[in-house]
Amino acid sequence: MSSRYHEVYGAWKSDPEAFWAQAAREIDWIKPPQKIFDASAGVYGRWFPDATCNTCHNALDRHADGGRGAQTALIYDSPVAGAKRAYTYAQLREETARLAAVLRKLGVAKGDRVIVYMPMIPEAVMAMLACARIGAVHSVVFGGFAAKELATRIDDAKPKLVLTASCGIEPGRIVKYKPLLDEAIRLSNEKPQGVLLLQRPQEQAGMIEGRDHDWASLMEAAKTAGDSAPCVEVAATDPLYVLYTSGTTGVPKGVVRDNGGHMVALKWTMKNLYGIEPGEAFWAASDVGWVVGHSYIVYAPLLHGATTVVYEGKPVGTPDAGAFWRMIEEHGIVALFTAPTAFRAIKKEDPDASHLARYSTKTLRTLFLAGERADPDTVAWAEKILGVPVVDHWWQTETGWCIVGDPVGLGLLPIKHGSPTVPMPGYDVQIVDEASRPVEDGKMGSIVIKLPLPPGCLPTLWGDDSRMAESYLAEFPGYYKTADAGYRDADGYLYIMGRTDDIINVAGHRLSTGGMEEVLASHPNVAECAVIGMKDQLKGEAPLGFVVLKAGVARDPAEIEKEIVALVRDKIGPVAAFKTAVVVERLPKTRSGKILRGTMKKIADHDEWSTPATIDDPAILQEIGQALAKKGV
Ligand code: COA
Ligand code: AMP
């Protein structure tokens, strides 16, 4: 089949407003948009500025009342808890409306923020949708973050309420959430009024009188009372959620998502990009704490009337490297979306994919990869073992949906390993030099997107229009800076090669080395430090910290290194996967005092490196090499 991609992309380019007006017809509006885009509003313009709607209505009620009430909306499968459940659209709507009524009783009103700090259980999805139902703004914080990171987010979002569960379950250990949350609230300046806590059978958490409420009892009481909250009318431009993501400092960026544009864009992608029909089972093996989880575990599949899957487990070890194949067979999954690191983990454990023989994956039509660069080896391996197209696609927390991909629904374009293929309608992607001049095909440059960004992308950062403008729009006037570098080939295919800032990507998780450096620098014995991302076979990148001790510190360096590893785990969380710190005498710097992180990275990666002309003392690079060799890096 030939692809309709070029025709559809061309139609968008010739009349973007007509394109999005057409896409907007797929959504139930309370007040349909008369105006499609207002260039004078917001930081760079706003989509559907005069429309009103409710996202929860479109995700649940529309299907529950529209003939899909008895269809499965959500499947929960947890090998770590030994639990499986399914909810129809009618049931998911009922539970969500009841939870929304509980939130209202606890004082949550339209526009209030609610932090959701929960593991991968259906109640996390209900929590997000219940907020959407009453116009509250959810902010989900990933369970692998520590108390301090949670506190930073509490201070920025100023939530009225925090929704949590007693624990998460990681293979071999229970992660107690409540002590982390209590500590975060202790550390924060903005104390939430209340906490709604779901006790899981694996862990009974202590409650603080007057502040903490028991989820199950309040839900039971609401059921007895017949309480149920209706969907409220919100402006299409009202915020649906804030999702914090790593910036270049320790202060994360609160990416704002609005209601109207978000629905229009996500709904469009389900059919045209992912090739999914309503009623089919779509599985994003990610976590609701990440953007992939927001968009493709929660919102897009439900907006489309598909069946979504909440998987509380890992690709390997829960119980084995056949976990994904079991899921596909058992739930009839037609498309799987995950990060390349998950496939690297499976490949490492089961290089011949012997577990596949035990299952039938015949329902699977496509594997989608995103979150980090999909290395050609992993893509080729996945294609070979599964026998379906493996579609890499590139996006960011900021965009909320795919920038560059291969549109399965419009007809797949030929796949080139190493490239996520072509820009989606909505995105005019350009490769430029420092002076914003386009570079030739095949030449590396900064990847930028011509403004305006399409519906669904961030209109701003939470409470900080100027940080939005400064971080993304100032460097290349008229364009959004993706902070990724790459090139375009003669066929118009894009190649995304890496970040231009100090963000690293560890197992598909985005982390700031600047944030880690702040933690290292807080150790009392540390005078100076630098953190880089070194190549890692499994996780893509792994953080590596160098520290120089203060003069006169006579302690065993190995002890200090251990303390530093523990400090990052304590301050940022296990998700940082910070396992290696190296005490060195000095850090290599330029004559103007800039730390040569790039050269240190090349040394750590065993790549070819040369001594930069601007270096102050070339001998230091040898010292770094020796220190790493001693550590076995
Ligand atoms: N709550 C608490 N701790 C968590 C957590 C959570 N929700 N998620 C991860 N952690 C912990 C892990 O237990 C691990 O702790 P450890 O240092 O004690 O082993 C640490 O954080 C690092 O986690 P991770 O980087 O995920 O490594 P892992 O070894 O547990 O698993 C993979 C590696 C590849 C299997 C896993 O990262 C994975 O499945 N990734 C692909 C899917 C994905 O999540 N993509 C993200 C965006 S699409
Ligand atoms: P996040 O905001 O956590 O989704 O991380 C976004 C970053 O991950 C991007 O800016 C890229 O650096 C990287 N990334 C995501 N998907 C891809 C991909 N398909 N190919 C290359 N890099 C990717």
Side-chain angles (χ1 to χ4, degrees), residues 1 75 77 79-80 171 273-276 280-287 292 296-297 307-309 311-394 402 405-409 411-421 493 495-496 505-509 535-541:
M1 182 182 97
I75 294 165
D77 187 313
V80 290
L273 171 58
Y274 296 100
I276 304 297
E280 293 187 322
F282 178 86
W283 176 28
S286 177
D287 187 288
V292 173
Y296 290 102
I297 294 172
T307 298
T308 192
V309 182
Y311 174 67
E312 190 182 26
K314 304 268 172 181
V316 294
T318 59
D320 54 37
F324 276 20
W325 324 142
R326 172 188 71 77
M327 288 288 292
I328 293 168
E329 178 182 282
E330 202 168 321
H331 305 301
I333 311 282
V334 303
L336 166 62
F337 176 170
T338 192
T341 189
F343 268 73
R344 288 198 297 269
I346 298 169
K347 183 177 164 202
K348 186 172 168 217
E349 193 105 348
D350 183 18
D352 301 325
S354 57
H355 285 284
L356 253 178
R358 295 193 283 131
Y359 303 99
S360 161
T361 56
K362 66 174 191 304
T363 54
L364 189 75
R365 294 197 297 261
T366 327
L367 169 67
F368 292 93
L369 298 176
E372 56 174 326
R373 182 172 154 74
D375 53 289
D377 285 353
T378 304
V379 176
W381 186 77
E383 278 173 350
K384 189 177 92 191
I385 64 157
L386 290 172
V388 298
V390 176
V391 173
D392 176 21
H393 59 325
W394 167 61
C402 171
D406 197 338
V408 173
L412 202 64
L413 294 167
I415 290 171
K416 296 193 194 183
H417 291 180
S419 167
T421 316
Y493 279 49
Y495 294 75
I496 318 301
N505 202 311
V506 180
H509 311 320
K535 272 188 212 154
D536 183 271
Q537 282 272 319
L538 177 64
K539 299 193 176 190
E541 281 186 297

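Owing to the predicted nature of the structure, the values given are computational and were not obtained by experimental measurement. Only this structure's heavy atoms are used, side chains among them; waters, hydrogens and symmetry mates stay out.
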> Which value, rounded to the nearest 0.5 Å, describes the distance between R344 atom CZ and E349 atom CD?
Replying inline: 15.0 Å
> If every non-hydrogen atom of G371 is compared with every non-hydrogen atom of N505, which pair is closest and at what distance?
Replying inline: O-ND2, 2.6 Å
>> Using the side-chain hydrogen bond (donor to acceptor under 3.5 Å, both in side chains) criterion, which residues pair with D377? Sequence neighbours excluded.
In response: none
>> Test of understanding: with side-chain hydrogen bond (donor to acceptor under 3.5 Å, both in side chains), list the residues that count as partners of R373, not counting sequence neighbours.
In response: none
>> Please give me the minimum heavy-atom distance between A370 and P340, naming the atom from each residue.
In response: O-CD, 3.5 Å
>> Taking salt bridge (charged side-chain N to carboxylate O under 4.0 Å, His left out) as the definition, give me every residue that meets it alongside E329, ordered by chain and number, with sequence neighbours left out.
In response: none
>> Would you compute the distance between atom CZ of F282 and atom OG1 of T307 and round it to the nearest 0.5 angstrom?
In response: 12.0 Å
> Can you list the residues that meet the side-chain hydrogen bond (donor to acceptor under 3.5 Å, both in side chains) rule with W283, with sequence neighbours excluded?
Replying inline: none
>> Going by side-chain hydrogen bond (donor to acceptor under 3.5 Å, both in side chains), name the residues that satisfy it together with T378, two or more places apart in sequence or in a different chain.
In response: D375
>> Considering only residues two or more places apart or on different chains, which pairs with a residue in residues 348-369 satisfy ring-ring contact (aromatic ring centres under 6.0 Å, His included)?
In response: Y274-F368, F368-H393
>> Using every non-hydrogen atom in the two residues, find where L356 and T361 come nearest and quote the distance to one decimal.
In response: CD2-CG2, 3.8 Å
>> According to side chain to side chain contact (heavy atoms under 4.5 Å, CB included), who are the partners of A342, at least two apart in sequence or on a separate chain?
In response: P315, F324, T338
> Partners of K416 by salt bridge (charged side-chain N to carboxylate O under 4.0 Å, His left out), sequence neighbours excluded?
Replying inline: D489, D491
>> I need the full list of salt bridge (Lys or Arg N to Asp or Glu O under 4.0 Å) pairs touching residues 313-325, with sequence neighbours left out, sorted by first then second residue.
In response: E170-K314, D320-R358
> Quick one: side chain to side chain donor-acceptor pair (under 3.5 Å) pairs with a partner in residues 380-391, sequence neighbours left out?
Replying inline: E383-H417
> Quick one: side chain to side chain contact (heavy atoms under 4.5 Å, CB included) partners of T421, sequence neighbours excluded?
Replying inline: D406, L413, Y493
>> Restricting to non-hydrogen atoms, name the atom on D392 and the atom on S419 that form the minimum distance, rounded to 0.1 Å.
In response: OD2-C, 4.0 Å
>> So which atom in G508 and which in T341 form the shortest heavy-atom distance, rounded to 0.1 Å?
In response: N-CG2, 4.1 Å
>> With rounding to the nearest 0.5 angstrom, report the CG to CD1 distance, L367 to I385.
In response: 9.0 Å
>> Return the CE to OG1 distance between M327 and T318, rounded to the nearest 0.5 Å.
In response: 9.5 Å
> If you look at every heavy atom in G275 and R365, which pair is closest and at what distance?
Replying inline: O-NH2, 3.1 Å
>> Test of understanding: with salt bridge (charged side-chain N to carboxylate O under 4.0 Å, His left out), list the residues that count as partners of D536, not counting sequence neighbours.
In response: none
